[in-house]
Amino acid sequence: LILRLYTTHDEFGADKKELKKKSVLNFSEHLTFVNFCLQDERVLLPWAKKILAADGLDAPDKALRTLFRLCGSKMQIIRGELEKLSAYATSRKKNEVTEEDVLLFAEDTTEFATFNLCDAVLEGATNAVVKILSNLKKQEVHPVMIAGALASMLTGAMLVAEGASAADCQKAAKVLPWQYDKYRRALYGKKKENVEKALMLCLELDGKLKGARSDVWIITEIYVIQMTRILGGAV
């Protein structure tokens with residue numbers, strides 16, 4: 001049985017104490033609040049194309065991947081950006097949303113840039129890492145936050161590289177099933193020793209940042225690029 005409730009965000013928030021409407025309050029004792037995890041590209045691509053198709057539009061995969069890189073993998077964020085892009089394309093009587101349209105309108109965010117940085121490091125994509133780091137620096141994100149996100153990702157990746165099961169990874173490092181699958185794909189053909197080296201570098205970076213008095217961004221860039229090169233097999 002699936003119950004769908006139509007109500008506004010302030011009436012039906014994540015905290016039951018914040019519920020305002022009496023009818024919703026009556027339901028609250030029988031409800032479990034959940035957050036939907038970030039989605040994989042295999043899910044996002046056809047879903048985004050379906051949304052655009054409803055307005056008679058299409059978009060090449062490359063344009064949509066650029067959108068995901070900028071906006072992350074949360075569907076509610078992507079949907080808002082797609083609606084904005086759709087309105088623009090329709091107003092210009094276009095039948096396709098291009099990568100140029102995405103770059104013109106899509107908004108980059110700190111949270112998702114950090115998320116994408118982790119992906120780029122794991123894939124060994126040095127050029128992408130340099131661009132994302134530059135964006136994070138402009139947004140004045142503290143490097144300690146970046147080191148923390150990378151440490152979390154590399155810990156999960158290390159477990160996968162060591163052959164741990166999806167259940168064990170979730171229990172030990174809160175690695176979700178979709179993350180487990182992503183790590184397995186990204187690590188295919190990579191040496192376990194290189195994943196371990198990258199993790200050790202990340203932990204070393206975290207320690208240096210917490211006691212650094214010099215330019216922490218120089219330290220961060222050196223270490224993160226080194227991690228990326230190791231995972232990309234360039235070192």
Side-chain angles (χ1 to χ4, degrees), residues 2 32-52 59-79 81-82 102 106 108-129 131-132 136 145-203 224 227-234:
I2 299 175
T32 299
F33 294 93
V34 298
N35 290 318
F36 291 96
C37 64
L38 298 169
Q39 294 296 326
D40 189 271
E41 187 180 278
R42 291 172 297 177
V43 175
L44 293 174
L45 278 172
W47 170 77
K49 285 179 177 289
K50 185 176 180 180
I51 291 175
L52 292 173
D61 289 357
K62 184 179 180 182
L64 292 175
R65 288 191 176 101
T66 297
L67 178 65
F68 304 154
R69 175 176 60 80
L70 290 171
C71 303
S73 304
K74 285 187 178 179
M75 285 180 159
Q76 65 267 38
I77 301 294
I78 296 172
R79 178 149 203 148
E81 296 299 318
L82 286 171
V102 171
D108 202 346
T109 68
T110 296
E111 176 186 356
F112 298 131
T114 305
F115 175 80
N116 290 323
L117 176 67
C118 291
D119 280 356
V121 170
L122 187 60
E123 292 166 7
T126 306
N127 289 340
V129 165
K131 290 179 181 178
I132 297 170
L136 290 168
M145 293 177 61
I146 296 171
L150 287 170
S152 177
M153 178 274 291
L154 288 168
T155 298
M158 188 65 213
L159 288 169
V160 174
E162 290 176 339
S165 67
D168 288 340
C169 288
Q170 186 167 13
K171 183 177 180 180
K174 297 181 180 179
V175 175
L176 297 171
W178 67 270
Q179 291 174 310
Y180 179 82
D181 291 339
K182 181 175 73 172
Y183 294 161
R184 286 189 64 185
R185 292 195 303 272
L187 293 173
Y188 181 78
K190 287 183 170 61
K191 295 180 180 179
K192 182 181 73 174
E193 293 78 9
N194 286 353
V195 181
E196 185 175 5
K197 286 179 183 177
L199 177 57
M200 292 301 103
L201 275 175
C202 186
L203 297 177
V224 175
M227 290 176 223
T228 307
R229 295 186 67 204
I230 287 172
L231 291 170

- request: Report the C-alpha separation of E123 and L231 in whole Å, then their side-chain angles, then the decisive distance to 0.1 Å, and conclude whether the side-chain contact (heavy atoms from CB on, under 4.5 Å) test is met.
  value: CA-CA 7 Å; E123 292 166 7; L231 291 170; over 6 Å; no
If you define the side chain from C-beta out and look only at heavy atoms, does anything of [X] sit under 4.5 Å from [Y]?
X    : Y    : result
M227 : V129 : no
I78  : L67  : yes
K49  : D61  : yes
V43  : W178 : no
L44  : M75  : yes
Q170 : Y180 : no

- prompt: With sequence neighbours left out, which residue pairs that include part of residues 148-166 fulfil the side chain to side chain donor-acceptor pair (under 3.5 Å) condition?
  reply: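 Sorted result for residues 148-166: S165-D168.
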Of all heavy-atom pairs between [X] and [Y], which one has the smallest distance, and what is that distance?
X    : Y    : answer
G156 : V175 : CA-CG2, 3.7 Å
A120 : A128 : CB-CB, 4.0 Å
C169 : A164 : SG-CB, 3.7 Å
V195 : A157 : CG1-C, 4.1 Å
F115 : K182 : CZ-NZ, 3.9 Å

- prompt: Taking M153 as the fixed residue, which of L199, T114, L117, L122 is the one that meets the side chain to side chain contact (heavy atoms under 4.5 Å, CB included) rule?
  reply: L122
- prompt: Got a sec, which residues hit salt bridge (charged side-chain N to carboxylate O under 4.0 Å, His left out) with K62, two or more places apart in sequence or on another chain?
  reply: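 Per chain and number, K62 pairs via salt bridge (charged side-chain N to carboxylate O under 4.0 Å, His left out) with E99.
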Point-to-point distance, once rounded to the nearest 0.5 Å, from [atom1] of [X] to [atom2] of [Y]:
X    : Y    : atom1 : atom2 : result
L203 : L154 : CG    : CG    : 8.5 Å
D119 : F68  : CG    : CZ    : 13.0 Å
T126 : R229 : OG1   : CZ    : 7.0 Å

Side-chain donor-acceptor distances from residues 185-193 under 3.5 Å, at least two apart:
| unit_1 | atom_1 | unit_2 | atom_2 | d |
| --- | --- | --- | --- | --- |
| R185 | NH2 | D40 | OD2 | 2.7 |
| K190 | NZ | A186 | O | 3.0 |

